[in-house]
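Reading through the structure tokens given below for one structure.
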2 protein chains.
Amino acid sequence: MVKASRESKTSAAQATARLRQAGLRPTRQRVELAGLLFQSGDRHVTAESLHDEVSHAGVKVSLATVYNTLHQFTEAGLLRQVIVDAARSYFDTNTGDHQHFFLEKEGLLIDIPGETIAVAGVPTPPAGLSVDRVDVVVRVRRN
Amino acid sequence: MVKASRESKTSAAQATARLRQAGLRPTRQRVELAGLLFQSGDRHVTAESLHDEVSHAGVKVSLATVYNTLHQFTEAGLLRQVIVDAARSYFDTNTGDHQHFFLEKEGLLIDIPGETIAVAGVPTPPAGLSVDRVDVVVRVRRN
DNA sequence: CTCACACATTAGAATTATTCTAATGTGTTG
DNA sequence: CAACACATTAGAATAATTCTAATGTGTGAG
Ligand SMILES: [Mn+2]
Ligand SMILES: [Mn+2]
Ligand SMILES: [Zn+2]
Ligand SMILES: [Zn+2]
């Protein structure tokens, strides 16, 4: 009891601190979403999956707010957007340098740690352009 | 005159041959679209850009047919879909192994030949999965 | 060469993810 | 405890894409 309550206080407190550091007001909705996103390890969510999750947890947050929040968190550097599917946008709690396996059929993203894959030979971009990032997506399928 | 007419005959004939080989009926619309797509070198198009192009060339093809055709060509292995933008699907006439620069702001894709970039250290996928392809996108921006 | 018919095209409606609008609510600061 | 800037929300709007169901056409059999 003591431990559980200390843990959930810590989670909300951590979320609140993280939001303040990012210059975002710790509203009920943002604290709830940040709690779900950053409590456990690295996660990959879509707006809908996160909305379902927060709803099933009994918390009332509109889908518009989930979209707003995901984009605000992304701008604040707390999340990163991953583009692997033409139909859905994924958001990743792991903002560090890393790559992904993507299982298209099931919409599943799996992290590949940043040091694992080496990309050599990236050419100098055409004049006037500079490299922003290099994304590697390993598309996989069930055997 | 002779040369021009021979060239355009050749282009239509080539398109027709290519379509037959792929098991697709060479309809007026498919021949026109194949002509635009495969006549010149490697190209990256969206459904809308191709529809605009074919329309401005004075040919009447519906947007639905452009979508149908792009997907049929892709299934037939004449095109390959490139996923780099959450908002639009790109189709690539270069179906060989190669990678891309992507200029998000302008929706511009630039080929990087297949031998240029080396990706090392791709881990074995989780059990039950096998690698379908490895995509590298070099996201660039204007200086 | 013609006809039948499987296949293709099309307009417009439908779908789906996402964004916008504009009204209402709330965290923060003094 | 205001005041107000910022946030949330329902529902409408948007935009890419797909679907529907009616019409057109390429082609192989005869
Ligand atoms: Mn998005
Ligand atoms: Mn869409
Ligand atoms: Zn990740
Ligand atoms: Zn290409």
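All values below were derived from every heavy atom in this structure, side-chain atoms included, with hydrogens, water molecules and symmetry-related copies excluded. To find a chain, count down the sequence lines: A is the first, B the second, and so on, and within it residues start at 1.
- Atom-to-atom, CG of Leu70(B) to P of dA16(D) comes out at 15 Å; the value is rounded to the nearest Å.
- Side chain of Arg20(B) to backbone of Pro26(B): no donor-acceptor contact under 3.5 angstrom is found.
- Within the structure, a side-chain polar atom (N or O) of Arg30(A) is placed less than 4.0 Å from OP1 or OP2 of dT8(D).
- Summarising the geometry, the separation between CD on Glu32(B) and P on dA8(C) is reported as 18 Å, rounded to the nearest angstrom.
- Tyr67(B) is linked by a ring pair (Phe, Tyr, Trp, His ring centres under 6.0 Å) to nothing, counting only residues two or more places apart in sequence or in another chain.
- Across the protein-nucleic acid pair, Leu50(A) atom CG and dT18(C) atom P stand 12 Å apart, rounded to whole Å.
- When the shell of 6.0 Å around CD of Glu53(B) is examined, it contains more than 12 heavy atoms from other residues, nucleotides or ligands.
- Residues Phe91(A) and Leu37(A) form no side-chain contact, since every pair of their non-hydrogen atoms from C-beta on lies 4.5 Å or further apart.
- Rounded to whole Å, atom P of dA16(D) lies 14 Å from atom CZ of Phe91(B).
- Rounding to whole angstrom units, CD of residue Glu48(A) and P of dT15(C) are separated by 16 Å.
- Rounded to whole Å, atom C1' of dT19(C) lies 14 Å from atom CD of Glu75(A).
- There is no side-chain donor-acceptor pair under 3.5 Å between Thr74(A) and Gln81(A).
- Here dA17(C) presents its P atom at 5 Å from CZ of Arg88(A), a figure rounded to the nearest Å.
- With no hydrogens or angles considered, no side-chain donor-acceptor pair links His98(B) and Asp42(B) at under 3.5 Å.
- Without hydrogens or angle criteria, Arg30(B) side chain to Arg25(B) main chain gives a donor-acceptor distance under 3.5 Å.
- Within the nucleic acid shown, His71(B) comes within 4.0 Å of sugar-phosphate atoms alone, with no base atom in reach, counting heavy atoms only.
- Using a 4.0 Å cutoff on non-hydrogen atoms, the parts of residues 54-69 of chain B near DNA chain C are Lys60(B), Val61(B), Ser62(B), Ala64(B), Thr65(B), Asn68(B), ordered by number.
- With contacts defined as side-chain heavy-atom distances shorter than 4.5 Å, the pair Ile110(A)/Val140(A) does not qualify.
- The salt bridge (charged side-chain N to carboxylate O under 4.0 Å, His left out) test applied to Arg141(A) returns Asp132(B), not counting sequence neighbours.
- Taken over five-pair windows at either terminus, the axes of the helix from dC1(C)-dG30(D) to dG30(C)-dC1(D) are inclined to one another by 30° (rounded to 10 degrees).
- As rounded to whole Å, 8 Å separates atom P of dT18(D) from atom CD of Gln81(B).
- Residue Thr46(A) is classed as having no contact, given no heavy-atom separation below 4.0 Å to the nucleic acid.
- In this structure, a donor-acceptor pair under 3.5 Å is absent between the side chains of Thr116(B) and Gln99(B).
- Within the structure, the ring pair (Phe, Tyr, Trp, His ring centres under 6.0 Å) test picks out the following pairs touching residues 40-61 of chain A (sequence neighbours left out): His44(A)-His100(A).
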Could you list the protein-to-nucleotides 24-28 of chain C atom pairs, N/O on both sides, closer than 3.5 Å?
residue : atom : partner  : partner atom : Å
dT28(C) : OP1  : Arg20(A) : NH1          : 2.7

